[in-house]
Amino acid sequence: MNRVIRENVRDFDLDHIFDCGQAFRWSRQPDGSYTGIAGNRIANIQFEPCQGPGGQGRLTLSNVTEEDFDTFWNDYLDLDRDYGRIKKELAERDPIIKKAIDCGRGIRLLQQDKWETLLSFIISQNNHIPRIKKCIEALCRQFGQKAGQLDGLSYYTFPDPEALAVLEPEDLAECRLGYRAKYLIGTARKVVADGADMLESMGSPDVTAAEAFEYITGFPGVGPKVANCILLFSMGKYDCFPVDVWMKKVMKQLYGLETAKEIDAFASRAFGQYGGIAQQYLFYYIRETGRGER
DNA sequence: GGCCAGGGGATTA
DNA sequence: TAATCCCATGGC
């Protein structure tokens with residue numbers, strides 16, 4: 001099997017990356033590696049930390065060629081971004097966040113597909129991560145293309161906008177999307193009508209987070225929370241700071257902030273252009289430490 | 001601008 | 001088992 005190895009990878013932890021609610025199509029294997037699909041590419045990702053300070057380690061991607069790695073996985077895993085520097089900067093600007101950064105120190109923000117992220121976060125609303133994964137797998141199995149097999153399991157691509165645009169809500173009954181089914185279809189139809197290029201163009205550095213926010217909240221089922229997740233996880237708008245019940249909880253616990261308005265104002269002041277990355281450390285921290293107390 | 005339906009599985013009591 | 005909750009939105 002094709003295999004790509006990179007040594008001395010820093011600021012990287014598979015559990016932090018794949019268990020912080022940003023991606024739904026990866027599953028943890030018994031050996032701690034993760035197997036999943038992005039586009040039509042199926043991969044297993046393994047990380048072996050080295051002993052000693054620095055936290056660097058060896059990254060191994062299986063079922064991946066050097067060309068796949070250079071043209072796709074390197075960016076998908078956001079390996080060219082210096083998270084060490086970002087963490088240092090955040091911790092200097094705000095001492096309180098330091099313990100959250102230590103907790104989720106290996107987080108990286110995946111550069112995911114815009115259409116898949118748009119739909120995935122419409123599904124995520126008012127929903128649990130295990131159930132979101134189930135809904136998405138059912139959707140891909142029923143309306144995606146078979147992409148291949150790895151370790152005896154079949155993987156399916158995320159369905160195209162065109163494939164969903166022609167459906168009616170009852171066609172999605174088996175995916176158990178509930179009231180979200182009509183949002184998915186409405187959004188697919190608008191993507192087809194506007195042209196997928198329109199959605200793609202929102203990822204351009206020339207388009208501000210505010211402009212992209214304006215456009216994507218025009219899709220049915222996309223409000224402020226969902227929009228901020230899409231901007232952060234697929235459009236490179238790292239200043240976005242999605243606020244959900246967990247974020248409200250951690251912002252109250254660590255900073256004494258109660259309202260969404262206070263939280264937004266504080267985030268842009270304290271974290272600036274890296275608000276979204278700060279958000280991921282805080283989210284991971286409260287999920288790790290704050291379960292059960294409510 | 002505040003309230004509440006709508007879906008259904010996961011989690012908690 | 002039953003009750004509650006869930007990375008909200010849309011419509012009133």
Side-chain angles (χ1 to χ4, degrees), chain A residues 15-28 100 103-104 107 109-110 112 116-139 141-142 167-190 213-235 237-238 240-254 257-261 263-264 267 271 275-294:
Chain A
D15 293 325
H16 296 173
I17 292 167
F18 292 112
D19 190 29
C20 65
Q22 63 174 324
F24 303 108
R25 302 208 62 200
W26 293 89
S27 56
R28 195 177 200 277
C103 180
I107 286 172
L109 288 173
L110 301 172
Q112 301 186 78
E116 177 175 335
T117 305
L118 172 62
L119 274 273
S120 296
F121 280 87
I122 291 174
I123 294 169
S124 84
Q125 64 180 74
N126 207 29
N127 214 339
H128 292 275
I129 290 173
R131 186 157 174 267
I132 298 165
K133 287 187 171 182
K134 271 185 145 176
C135 291
I136 293 173
E137 284 319 304
L139 190 67
R141 189 165 285 269
Q142 201 173 351
L167 303 178
E168 296 298 333
E170 53 267 31
D171 298 322
L172 293 169
E174 283 180 42
C175 302
R176 302 284 176 221
L177 297 160
Y179 65 96
R180 304 171 192 85
K182 59 181 183 291
Y183 297 154
L184 260 62
I185 292 169
T187 291
R189 289 179 181 169
K190 183 166 157 59
F213 181 92
E214 187 65 27
Y215 178 67
I216 64 171
T217 49
F219 290 102
V222 180
K225 159 65 178 62
V226 168
N228 277 322
C229 287
I230 297 162
L231 295 178
L232 182 58
F233 300 139
S234 71
M235 297 188 178
K237 312 300 186 199
Y238 295 101
C240 287
F241 195 83
V243 176
D244 68 332
V245 291
W246 292 98
M247 286 306 294
K248 281 185 180 152
K249 187 171 164 175
V250 72
M251 295 309 281
K252 184 179 177 187
Q253 191 182 105
L254 295 183
L257 300 171
E258 302 261 9
T259 69
K261 199 175 175 180
I263 292 169
D264 284 346
F271 308 128
I277 297 175
Q279 191 268 1
Q280 286 298 285
Y281 295 124
L282 291 163
F283 183 78
Y284 191 85
Y285 171 78
I286 195 67
R287 297 267 299 180
E288 283 297 301
T289 64
R291 289 175 199 264
E293 29 173 301
R294 193 161 274 131

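In the text below, chain A, chain B and the rest are named by the order of the sequence lines, each starting its count at 1. All values derive from a computational prediction rather than experimental measurement.
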In whole angstroms, how far is the P atom of B/dT11 from the CH2 atom of A/W246? 11 Å
Quick check: does any side chain N or O of A/E288 sit under 3.5 Å from a backbone N or O of A/G104, one acting as donor and the other as acceptor? no
Please report, rounded to the nearest Å, how far the P atom of C/dC7 is from the CD1 atom of A/I136. 14 Å
For atom P, what is the distance between C/dC7 and B/dC4, given to the nearest Å? 22 Å
Rounded to whole Å, how long is the line connecting atom CD1 of A/I132 with atom P of B/dG8? 16 Å
Mind checking what makes ring-ring contact (aromatic ring centres under 6.0 Å, His included) contact with A/Y238, not counting sequence neighbours? none
Atom CZ of A/R131 to atom P of C/dT4: distance rounded to whole Å? 19 Å
In whole Å, what is the span from the OH atom of A/Y179 to the P atom of C/dT9? 9 Å
Using residues 121-128 of chain A as the side-chain source, report each donor-acceptor pair under 3.5 Å to any protein atom, sequence neighbours left out, with the distance given to one decimal.
{"unit_1": "A/S124", "atom_1": "OG", "unit_2": "A/F121", "atom_2": "O", "d": "2.9"}
{"unit_1": "A/N127", "atom_1": "OD1", "unit_2": "A/R131", "atom_2": "NH1", "d": "3.1"}
{"unit_1": "A/N127", "atom_1": "ND2", "unit_2": "A/I123", "atom_2": "O", "d": "3.0"}

So what's the dot-bracket for DNA chain B: Watson-Crick or G-U pairs under 3.5 Å, [ ] if a pair crosses, | if it pairs off-strand? .||||..||||||
Residues which pass salt bridge (charged side-chain N to carboxylate O under 4.0 Å, His left out) with A/E168, listed by chain and number, not counting sequence neighbours: A/R189
Residue pair A/N127/A/P224 against DNA chain C: nearer the 5' end by closest nucleotide is A/N127
Pairs under 3.5 Å (N/O, protein and nucleotides 10-12 of chain C):
{"unit_1": "C/dG10", "atom_1": "OP1", "unit_2": "A/G221", "atom_2": "N", "d": "2.6"}

Nearest-Å distance, CD (A/Q125) to C1' (B/dG9)? 16 Å
All salt bridge (charged side-chain N to carboxylate O under 4.0 Å, His left out) counterparts of A/K190, not counting sequence neighbours: A/D194
Within this structure, what is the CZ-to-C1' distance between A/R287 and C/dC6, rounded to whole angstrom? 10 Å
Distance check, rounded to the nearest 0.5 Å: A/L139 atom CG versus A/L167 atom CG? 8.5 Å
What nucleotide among B/dG6, C/dT9, C/dC7 has an atom nearest to a side-chain atom of A/N126? B/dG6
A/R176 has an atom CZ; how far is it from atom P of B/dA10, in whole Å? 12 Å
Using the P atom as the point on both nucleotides, what is the distance between C/dA8 and B/dT11, in whole Å? 15 Å
Check this for me: A/K182, atom NZ, are more than 12 non-hydrogen atoms of other residues, nucleotides or ligands nearer than 6.0 Å? yes
